[in-house]
Amino acid sequence: MARLGGKELELATAELATRDAALGRIITAAGPWKRGKPNPDGPFGALVRSIAFQQLAGAAAATIHGRFRALVDGPLTPEAVLRLAEEELAGAGLSGSKRAAIRDLAAKVVDGTVRLDQLGRMSDEVIVEMLCGVRGIGVWTAQMLLLFELRRPDVWPTGDLAVRGGYALMHDLSESPTPKELEALGEQYRPWRSVAAHYCWEAVHLSRLNPVVPRSAPRSGSR
């Protein structure tokens with residue numbers, strides 16, 4: 001399946017700026033999308049990290065995830081995770097629900113229910129459906145894997161509060177659109193809705209730094 005490469009990202013950004021003047025202003029203010037490197041432990045490591053970070057502040061989540069990662073020498077594989085004792089996982093600071101979710105993910109990868117080795121051949125929709133069968137993984141988590149790890153070009157996380165808030169900010173709306181409303185509003189950005197989502201996040205960030213960016217809309221949520 002398609003990946004949003006460097007040249008394509010540049011072309012997509014330029015095209016979207018011409019389609020939506022409000023988005024274009026955010027693109028100009030924020031500059032090019034400088035994407036970070038994929039998770040060194042691959043999609044499995046990225047999903048484990050997402051589970052560990054759920055409902056926690058960044059610093060606390062990073063500490064817990066770091067303790068967990070230190071339990072495994074070498075590559076973080078599902079088999080290595082399943083060999084860890086419950087006491088070790090608890091000692092790293094993972095809650096009972098997160099321990100169960102990480103174990104469920106590892107078990108489903110091992111038994112072939114979740115085929116992380118086949119992600120490159122799967123559509124976005126199939127990946128989301130497959131991952132949502134894992135305990136503790138919902139649509140948003142699956143979409144973040146698509147967007148940041150697999151670098152799919154047309155991911156539009158309408159349930160993300162910051163994407164909704166950022167869209168409202170850049171268009172100076174009095175309130176954030178609902179997920180259903182945002183789904184329709186995002187049609188103009190196909191097939192590069194991942195780029196539009198990124199600049200919705202940037203709109204939220206800029207609103208906290210730059211008074212030129214409209215501040216009338218809610219600024220909730222985070223990436």
Side-chain angles (χ1 to χ4, degrees), residues 1-38 43 46-47 50 115-116 118-133 137-207 213-214 217-223:
M1 301 300 292
R3 289 173 63 91
L4 192 60
K7 186 63 175 179
E8 184 182 9
L9 174 58
E10 181 180 338
L11 293 173
T13 303
E15 169 65 21
L16 291 182
T18 66
R19 292 187 192 178
D20 181 354
L23 177 62
R25 287 192 289 273
I26 298 300
I27 290 171
T28 298
W33 182 1
K34 298 177 181 178
R35 295 177 297 179
K37 295 181 180 180
L47 290 168
S50 292
R115 297 298 305 273
L116 295 182
Q118 298 294 318
L119 293 178
R121 302 177 183 178
M122 296 178 185
S123 69
D124 295 358
E125 295 76 15
V126 168
I127 291 172
V128 170
E129 181 179 3
M130 178 181 68
L131 293 180
C132 285
I137 294 180
V139 172
W140 184 87
T141 299
Q143 289 176 326
M144 294 304 103
L145 183 80
L146 290 170
L147 210 161
F148 292 107
E149 297 300 317
L150 303 184
R151 300 193 173 183
R152 295 292 175 90
D154 198 37
V155 183
W156 189 231
T158 59
D160 188 288
L161 292 175
V163 171
R164 291 163 57 197
Y167 184 93
L169 281 164
M170 72 171 69
H171 293 94
D172 203 17
L173 304 180
S174 60
E175 60 183 27
S176 298
T178 66
K180 184 176 180 179
E181 290 169 340
L182 190 62
E183 184 67 40
L185 292 167
E187 287 298 311
Q188 65 178 318
Y189 304 134
R190 287 182 183 272
W192 300 298
R193 290 181 296 175
S194 296
V195 179
H198 167 73
Y199 283 103
C200 286
W201 284 316
E202 288 290 355
V204 174
H205 176 68
L206 289 170
S207 73
V213 176
R219 296 182 299 280
S220 56
S222 64
R223 59 188 282 184

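This one's a predicted model, so the numbers in the text were calculated from it and none came from an experiment.
- Between Tyr199 atom OH and Asp20 atom CG the span is 13.5 Å, to the nearest 0.5 Å.
- Atom OH of Tyr167 sits about 9.5 Å away from atom CG of Leu23, to the nearest 0.5 Å.
- With sequence neighbours excluded, no residue forms a side-chain hydrogen bond (donor to acceptor under 3.5 Å, both in side chains) with Gln188.
- Aromatic ring orientation, Tyr189 versus Trp156: perpendicular (interplanar angle above 60°, classes split at 30° and 60°).
- Rounding to the nearest 0.5 Å gives a distance of 11.5 Å between NE2 of His205 and CD1 of Ile26.
- Note: Ile27 CD1 to His198 NE2 = 9.0 Å, rounded to the nearest 0.5 Å.
- Within the structure, salt bridge (Lys or Arg N to Asp or Glu O under 4.0 Å) contacts touching residues 1-15 (residues at least two apart or in different chains) are Glu15-Arg19.
- For residues 182-197, every residue pair satisfying the salt bridge (Lys or Arg N to Asp or Glu O under 4.0 Å) rule, not counting sequence neighbours, is listed here: Asp154-Arg190, Asp154-Arg193, Glu183-Arg193, Glu187-Arg190.
- Interatomic distance, OG1 of Thr158 versus CD of Gln143, reported as 6.5 Å (0.5 Å rounding).
- Here CD1 of Ile137 is found 8.5 Å from CG of Leu145. Values are rounded to the nearest 0.5 Å.
- Inter-residue side-chain proximity for Trp33 and Leu9 is flagged as met; some heavy-atom pair is nearer than 4.5 Å.
- Among residues two or more places apart in sequence or in another chain, the side-chain hydrogen bond (donor to acceptor under 3.5 Å, both in side chains) test is passed with Glu129 by none.
- Remark: Arg152 engages Met1, Asp124, Ile127, Leu146, Leu150, Val155 in a side chain to side chain contact (heavy atoms under 4.5 Å, CB included) (not counting sequence neighbours).
- Residues that satisfy the side chain to side chain contact (heavy atoms under 4.5 Å, CB included) test with Ala142, not counting sequence neighbours, are Val128, Leu131.
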